[in-house]
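Since the structure comes first, as structure tokens, the remarks are kept for the end.
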Amino acid sequence: MRIETLAVHAGGESDSETGAVSPPIHLATTFRHGPAAERVGGYEYQREGNPTNDRLCAAIAALEGGAQALTFASGMAAISTLLESLAPGSRIVIPDDCYTGLRVLCAEFLPQRGIEVLTVDMAQLEAVQAACADGIDLVWAETPSNPRMKVSDIGALARIAHAQGALLVCDNTFASPVLQQPLALGADIVMHSTTKYFGGHSDVLGGALVFARADDVHARVAHRLHIAGATLAPFSAWLTLRGCRSLPARMAMHCANAKAVAHFLSSHAAIERVNYPGLPSHPGHEIASRQMRDFGGMLSIELRGGKTAALEAAGRLRLFTNATSLGGCESLVEHRASVEGANPVSPVNLLRLSVGLEHVDDLIADLRAALA
Ligand SMILES: *Cc1c(COP(=O)(O)O)cnc(C)c1O
């Protein structure tokens with residue numbers, strides 16, 4: 001089945017009791033069982049699973065082509081539940097350009113648990129190879145990456161990781177499974193902040209992990225989730241499942257709008273550089289063309305006038321709201337260096353754009369006026 005069809009139907013069988021076409025939201029925290037804890041309907045306690053959440057897990061696993069999916073209270077809950085299930089003494093590699101929360105988790109929390117973290121440019125395969133040469137347990141990829149939109153070769157990273165007996169995990173939040181399916185390219189686990197494109201309306205927090213195999217890694221992470229309790233609430237699962245239904249349709253428009261915006265900005269005199277993998281000038285364009293179906297709704301720009309010009313432009317935009325996050329219907333802009341805390345890593349002249357579902361001519365007019 002094609003992804004548009006899966007998105008509409010996966011996890012969506014009508015309610016067996018009422019025939020309701022929209023799935024019920026099961027809010028029960030506890031489920032009746034027999035005197036010796038015999039399960040009646042397959043469930044026991046909400047932290048360990050509930051029917052609404054199971055529908056979402058089925059849908060996300062189907063969309064990513066995985067054997068199993070787990071959902072979490074946020075994307076960071078998914079990341080930390082996975083990484084904290086590693087044994088002390090484990091070594092991992094993360095990208096030099098990646099989601100800020102991952103960087104902070106790796107800098108502040110994982111070393112306390114005896115996990116060694118190396119940072120490399122994942123676009124440089126020799127550098128990844130060198131980082132892995134002394135033994136590695138997990139390679140973390142994020143492609144396209146936040147906020148510089150770097151592209152890394154998922155198939156090549158999988159070969160490097162597997163040669164060392166390591167797992168390859170891919171944060172697929174920016175692309176969504178509609179545009180890129182890392183498991184088919186060799187990754188072992190896909191991670192999502194479902195807060196973004198899956199939810200799609202900037203109103204529900206969540207995260208997911210999708211596993212290529214229902215193996216002991218999956219069992220270990222599922223056990224940690226059920227005990228440590230970073231569980232997704234049923235109403236959040238329901239909203240995210242609703243988001244799945246329109247994900248391919250929304251992604252098509254996000255991609256078309258972002259492509260037009262990227263082309264407009266790349267010939268604008270105020271812009272030094274546009275980071276969008278759909279532009280032939282992007283260093284990762286060829287790899288992205290191979291491993292992605294389209295190039296997504298995210299891009300970043302670097303302005304000629306430095307930090308001042310970036311802040312002025314962000315302040316003059318009217319349709320692009322100054323706000324963090326991405327993947328909603330509304331367009332957002334963010335000066336990343338300003339939100340990265342005391343030691344920002346993004347260039348000070350960089351703005352990140354989440355291109356929404358407004359008419360693209362209105363978005364371009366807004367950018368033209370703000371950059372004038
Ligand atoms: C937002 C985001 C996360 C973290 O997800 P939350 O739902 O905010 O916890 C991780 N990775 C990427 C690429 C993100 O954009």
Side-chain angles (χ1 to χ4, degrees), residues 56 60 64 69-84 92 94-110 119 122 138 140-152 154 169-180 182 187 189-210 225 228-233 236-237 239-240 243-244 247 251 254 258 275 277 288 292 295-300 323-328 331-334 336 339-341 345-346 350-356:
L56 177 62
I60 295 177
E64 284 289 0
L70 297 170
T71 54
F72 297 82
S74 68
M76 283 310 300
I79 294 174
S80 61
T81 304
L82 174 60
L83 294 182
E84 298 201 342
I92 72 171
I94 65 166
D96 61 349
D97 190 56
C98 67
Y99 185 70
T100 309
L102 173 68
R103 182 170 35 248
V104 174
L105 186 81
C106 287
E108 296 182 12
F109 297 127
L110 295 185
T119 303
M122 293 280 167
L138 187 148
W140 190 280
E142 181 180 318
T143 180
S145 67
N146 175 58
R148 296 208 202 190
M149 306 302 297
K150 287 188 181 182
V151 170
S152 49
I154 297 171
V169 183
C170 185
D171 183 335
N172 204 26
T173 300
F174 272 31
S176 91
V178 178
L179 307 183
Q180 175 172 278
I189 301 173
V190 165
M191 176 263 151
H192 278 286
S193 167
T194 57
T195 311
K196 314 296 169 51
Y197 287 107
F198 267 98
H201 297 74
S202 307
D203 55 11
V204 57
L205 201 66
L209 296 174
V210 190
L225 164 64
T231 311
L232 184 68
S236 298
L239 281 171
T240 308
C244 287
L247 181 61
M251 290 314 294
H254 282 299
N275 301 309
M292 299 178 77
F295 304 101
M298 295 300 298
L299 57 104
S300 58
T324 201
S325 201
L326 58 115
S331 292
L332 302 178
V333 58
E334 185 166 59
R336 289 296 306 163
V339 298
E340 284 170 349
V345 292
S346 293
L350 179 143
L351 296 177
R352 187 184 74 183
L353 303 179
S354 172
V355 181

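Counting starts at 1 for both ligands and their atoms, in listed order. We use all heavy atoms of the structure for the numbers below, so side chains are in, but hydrogens, waters and symmetry mates are not.
- Proximity to Leu326 (heavy-atom distance under 4.0 Å) selects the following atoms of ligand 1: 15 (O).
- Residues Thr119 and Arg103 have side chains that never bring a donor and an acceptor to within less than 3.5 angstrom of each other.
- Annotation: side chain of Cys106 is in contact with side chain of Ile92 (closest heavy-atom distance under 4.5 Å).
- Between the CD1 atom in Ile60 and the OG1 atom in Thr71 there is a gap of 6.5 Å [rounded to 0.5 Å].
- Shortest contact from atom 6 (P) of ligand 1 to any protein heavy atom: Gly75 N, 3.4 Å.
- With a 4.5 Å cut-off on side-chain heavy atoms, Leu326 and Tyr197 count as touching.
- When the options Met191, Lys196, Met76 are ranked by their closest heavy atom to atom 1 (C) of ligand 1, first place goes to Lys196.
- For ligand 1 and Ser193, the ligand atoms under 4.0 Å from any heavy atom of the residue are 1 (C), 2 (C), 3 (C), 4 (C), 5 (O), 6 (P), 7 (O).
- At least one heavy atom of Asp171 sits closer than 4.0 Å to an atom of ligand 1.
- Against a heavy-atom cut-off of under 4.0 Å, Gly206 is close to the following atoms of ligand 1: 7 (O).
- Of the protein's non-hydrogen atoms, the one nearest atom 4 (C) of ligand 1 is Tyr99 CE2, 3.4 Å.
- Side-chain contact between Trp140 and Leu82: present, with at least one pair of heavy atoms (C-beta onward) separated by less than 4.5 Å.
- Nearest heavy-atom pair, Glu142 versus Ser152, reported as atom, atom and distance to 0.1 Å: O-OG, 4.3 Å.
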